[in-house]
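To start, the structure under review is shown below, and the notes come after it.
Each chain gets a letter, A, B and so on, in the order the sequences are listed, and its residues count up from 1.
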4 protein chains.
Amino acid sequence: MKAMVVEKFRAPLVRKDLPEPQLRNPNDVIVKVVACGVCHTDLHAAHGDWPVKPKLPLIPGHEGVGVIEKVGKLVTHLKTGDRVGVPWLHSADGLCPSCLAGWETLCPNQQMTGYSVDGSYAEKVVADARYVGRIPEGLDFAEVSPHFCAGVTTYKAVKLGGAAPDKTVLISGIGGLGHMALQYAKVAGARTIAVDVEEHALALAKNLGADEVLSARSQDVGKAAQKLGGADVVVATAVSTGSFRSSFDALKPGGKLVIVGLPPEEMPVPVFDLVLKGISIIGSIVGTRKDLDETLDLAARGLVKCNVKVEPMDAVNDIFDRMEAGKIDGRVVMQIA
Amino acid sequence: MKAMVVEKFRAPLVRKDLPEPQLRNPNDVIVKVVACGVCHTDLHAAHGDWPVKPKLPLIPGHEGVGVIEKVGKLVTHLKTGDRVGVPWLHSADGLCPSCLAGWETLCPNQQMTGYSVDGSYAEKVVADARYVGRIPEGLDFAEVSPHFCAGVTTYKAVKLGGAAPDKTVLISGIGGLGHMALQYAKVAGARTIAVDVEEHALALAKNLGADEVLSARSQDVGKAAQKLGGADVVVATAVSTGSFRSSFDALKPGGKLVIVGLPPEEMPVPVFDLVLKGISIIGSIVGTRKDLDETLDLAARGLVKCNVKVEPMDAVNDIFDRMEAGKIDGRVVMQIA
Amino acid sequence: MKAMVVEKFRAPLVRKDLPEPQLRNPNDVIVKVVACGVCHTDLHAAHGDWPVKPKLPLIPGHEGVGVIEKVGKLVTHLKTGDRVGVPWLHSADGLCPSCLAGWETLCPNQQMTGYSVDGSYAEKVVADARYVGRIPEGLDFAEVSPHFCAGVTTYKAVKLGGAAPDKTVLISGIGGLGHMALQYAKVAGARTIAVDVEEHALALAKNLGADEVLSARSQDVGKAAQKLGGADVVVATAVSTGSFRSSFDALKPGGKLVIVGLPPEEMPVPVFDLVLKGISIIGSIVGTRKDLDETLDLAARGLVKCNVKVEPMDAVNDIFDRMEAGKIDGRVVMQIA
Amino acid sequence: MKAMVVEKFRAPLVRKDLPEPQLRNPNDVIVKVVACGVCHTDLHAAHGDWPVKPKLPLIPGHEGVGVIEKVGKLVTHLKTGDRVGVPWLHSADGLCPSCLAGWETLCPNQQMTGYSVDGSYAEKVVADARYVGRIPEGLDFAEVSPHFCAGVTTYKAVKLGGAAPDKTVLISGIGGLGHMALQYAKVAGARTIAVDVEEHALALAKNLGADEVLSARSQDVGKAAQKLGGADVVVATAVSTGSFRSSFDALKPGGKLVIVGLPPEEMPVPVFDLVLKGISIIGSIVGTRKDLDETLDLAARGLVKCNVKVEPMDAVNDIFDRMEAGKIDGRVVMQIA
């Protein structure tokens, strides 16, 4: 099968013809990949940016969607021909306290698709049937692909923040993640404030129904948000030291700052204000299978869409270049079959 | 009446003979003060350490306990002779979203006893009857005094952290605040880990029933706590950059770091780990009237005690000197009547 | 002033010319009433249906809206000319555990407008300023009136049930309460199922965007709802023994049945199923001041509207007759000024 | 192997010599049973009392504890020789919304040990390795056995009720379940009220540290509990129509009535009071694997013990007779190996 492979960090991905993946155990399925979104995390993986390194050589990709081709002997809830996606959380041990509490995303024994095991920048991928997401009828493969990471990640953050009709939610960064976070906040009935440095991002936010938009280029976002009454929840998708602080300053007393970005650097927290205002800073990583099912249900109900640009798999190195240069709006999805 | 007064920042308090305080409105009461604990916050107030300065001249003191001498016309739930304490939260507006949600401690219009209004380093104090705490029968004035700040503050933090029989709670710093936090965690059924740099503090923790004690002087507390299985909750009473980080590192996936200290400096947060491990960092300030009533109930049930040393009010400058030098264990309470 | 008065139970209300109400204490305001909705509870009050009887003679009405004419000396957050509504919860003690927890609706010392104290079927009403709701700009008096009871009551029930984008909420009874509950569930992002016996009520539900409608006349609602996947939450507005059981049977495992109706009779609960399916049955009464502010905010944002028919105050006995005969859809509001 | 078998409903169990159970799939383990508690549910199973009937012939028993003898190929977290217990929840599908939310006890595809599959009234039992509980070191087999049902069931109910240091928990029925519920409530710091009709049960409650005991024989429990301030939570272990009502009447405003018993009959709920007082009635069935681990941890920490009487397996019919006659206090455990 054809696959795009990271052979060494910070080098271009190489197109290879590899043997097809096999069932490793009776809970596995083989998925014929139709499309796969390109996530910033893939770029970090290909660069070896983070403390824990991915496997090498690596097939990246954790937004792969397609059709089941083969099922292991213990798989009864899925069958050949079913449409599924293979998310970041490849598998978990199912038995640790986190797993037993419905927080498999925090399992210390998890495997990560396109990181610790091969992913979906390939014509076939092997997955643990218990951790794939079933794609509801009527959804297009390329369009649903980013819901498996960008979607579920921001859905979870918005949910964790407690978005609701009585809450104001500020979304910091209206890119691939943020434009979905904004929609999830709106679906939950929240009043929304969208923040970005780019005018076109703010225009997108307006189109998506943001109640207020604030340009982080032209004003102090913390103060501007306070003039609007402040935010109960901030979902911070693009975390820099500056945006972190203005997100913090935008919060009402008792507010929650939910972070989904993964910056390598530390952020200085004003503890005095944190205590006096009763603020919480909360880290949130992807979402559980339940979150994923809920995300896909919202997509199927037509309530949340991802802005998608479809390109061929061969374009991956070019896509990575543009992503690194900050030139991508929304999400690029590679058509694979 | 006699009072100890801050006339200018960083100068010794001055003993003055002042006119007695009067009822300012029909919700007020006048309390004859019997005892008042000395809190680190009083030292910060007397030094003008924090961004928002206290009134000057100032009578400090927010752990004052005594007997009601006079009641305003709208006060029906209290009468002359009732035993009460006057806590940090002097009053709140009762109408803002925080107040309406049972979070009056976050009210933007609050007054703070011994800070924005005069406190209990005096023979009499005026209080808003709706915000005083009623002292249950059988409790000694001097012994109950610190429950009005050190007690309720740590009780709230432990409660906010979610201490319960299935949780491990690490208390960082076993001083005036921490030795009470430890007891609250135990009362809630949690497994407890006590951390301090001082051997005598760790010995106290052992006496109070800590399941484990860790010396922050002789080991990496984060690693040592992880060897014990990690903490679901850390209550950080004495926050320095170093202890903040080791508290963070001690957490299990999904863990909560609750901060009650008020350091002027910022703390660097490792955002990557915060997100990957799903950690929350939560600021917690004193406690509400409900928290205070619960705190006093636990004292009345004999489940939580404060280590108290009683001294005369004239000793206040000497007490401040010892506090600044870190020479005080537990809580000093001044006998006033 | 003119007022419609209950002089004895089950007799027609009498139009009287009464002295204007006076400020009783410095927290009071006098409100010039512009409009007042007619609630089923008023009918129960006028009939003396419930165990605890209202005062007699009684001016009913707890959806009165109007303009402040006079303010007591301690009132600083409201002034003459402000637009407010006077809800069912006339006042509470502000000091009991329920009040301190933000649950003043459960206060044992509460007064109820139009029940234990006079209400707004009159040209003037006296209210406790701390418990009135401020009407946002741009809202019409008559249209906003029912939000003070029908609105806040169903909003609270929907919130208590946990309506959210991942939940299915079934509304049992699409009348004055139910058609608002349906809108609140939709605002919170829930999938909705509307149940009623009347075709026109189901048509209204469809117009309001219900995902599914079920006629309780032509089918077993429990079974029909289970075919649709079941309900996470049922909000039961019209509670009869039959509808109670079918609401119960409509629930998913772990589901919640929230009851807002006040039937005098007891309902048989199938405890075996309750335990096996992990069901909760939850009573919910009106809403707190915070809930009321949130309700009014949703009205101001144009997200929830009440179907209102405006009639003169003199029509009250006729309105009562039609209400008793079940001939009223939505809400009748009496124009008073 | 020897086993006690239900061959037909309401007939005595028959001692049989049966072939040993085999691994059915690679997630299974075979457990050599050392001891097994006798639960009321076993009696209901043997009588075919409930709407859904158990398999026939049936080996009852869902408190079996013992040693693993054989492990399936996919089992990596357990090995031969490990000490485990096989609880009521034999297995669940692991994929339904309830399972994914950490509520596998509500899984519609669950199997129940000693009910839909054979249990531990036998020398060997086959179990799904993913659903057994690991017995901590130092715990005696017979003593720990009831923690696998009576323990975890009441632990879950107490936890669901929200027992905490600021809550008063009333335990209705101080038998095999109730005397454990009482201990869990105390461990969580709650003030406790114990209710029973039998003097010896109340004496046991006193010994276990109940703050108050109330005889349901000599007084109106609802009123008596209200005199003590009322209960935030009632855990109802023995549910009859009368005890249900007095439990309900014992609640404070906003209180929760958690039911763990499984009476076949319906209970009349006073809906008017339910709504006015904001009461919740909550069904609770056994506990999840996480709850079970927590229960066993509390046993290992020596905080909760079960009163156990050990008898031989041959005595089972006699034990059933005494249980039916209400002559058993605490828990009878059969020694099997």
Answer with side chain, backbone, both or neither: which region of I279(D) has an atom nearer than 4.5 Å to a non-hydrogen atom of chain C?
backbone

Among the listed options P253(D), P97(D), P268(D), C96(D), the residue most often paired with chain C at heavy-atom distances under 4.5 Å
P268(D)

Which one of V269(D), I282(D), I285(D) has the most heavy-atom pairs closer than 4.5 Å to chain C?
V269(D)

Could you tell me if the side chain of L274(C) sits less than 4.5 Å from the side chain of I259(D), heavy atoms only?
yes

Which pairs, with at least one residue in residues 232-271 of chain D and sequence neighbours excluded, count as a ring pair (Phe, Tyr, Trp, His ring centres under 6.0 Å)?
none

Heavy-atom donor-acceptor pairs under 3.5 Å, chain D with chain C:
unit_1: R245(D); atom_1: NH1; unit_2: E266(C); atom_2: OE2; d: 2.7
unit_1: E266(D); atom_1: OE2; unit_2: R245(C); atom_2: NH1; d: 2.7
unit_1: M267(D); atom_1: N; unit_2: V269(C); atom_2: O; d: 2.9
unit_1: M267(D); atom_1: O; unit_2: V269(C); atom_2: N; d: 2.6
unit_1: V269(D); atom_1: N; unit_2: M267(C); atom_2: O; d: 2.7
unit_1: V269(D); atom_1: O; unit_2: M267(C); atom_2: N; d: 2.9
unit_1: I279(D); atom_1: O; unit_2: G283(C); atom_2: N; d: 2.9
unit_1: I281(D); atom_1: N; unit_2: I281(C); atom_2: O; d: 2.7
unit_1: I281(D); atom_1: O; unit_2: I281(C); atom_2: N; d: 2.7
unit_1: G283(D); atom_1: N; unit_2: I279(C); atom_2: O; d: 2.8

Atom group of V260(C) that falls short of 4.5 Å from chain D, counting heavy atoms
backbone

So P263(D) and F272(C), do their side chains get closer than 4.5 Å, heavy atoms only?
no

Which answer fits V258(D), side chain, backbone, both or neither, if we ask what part of it has an atom under 4.5 Å from a heavy atom of chain C?
neither

Would you say L276(D) and L262(C) make side-chain contact, with heavy atoms under 4.5 Å?
yes

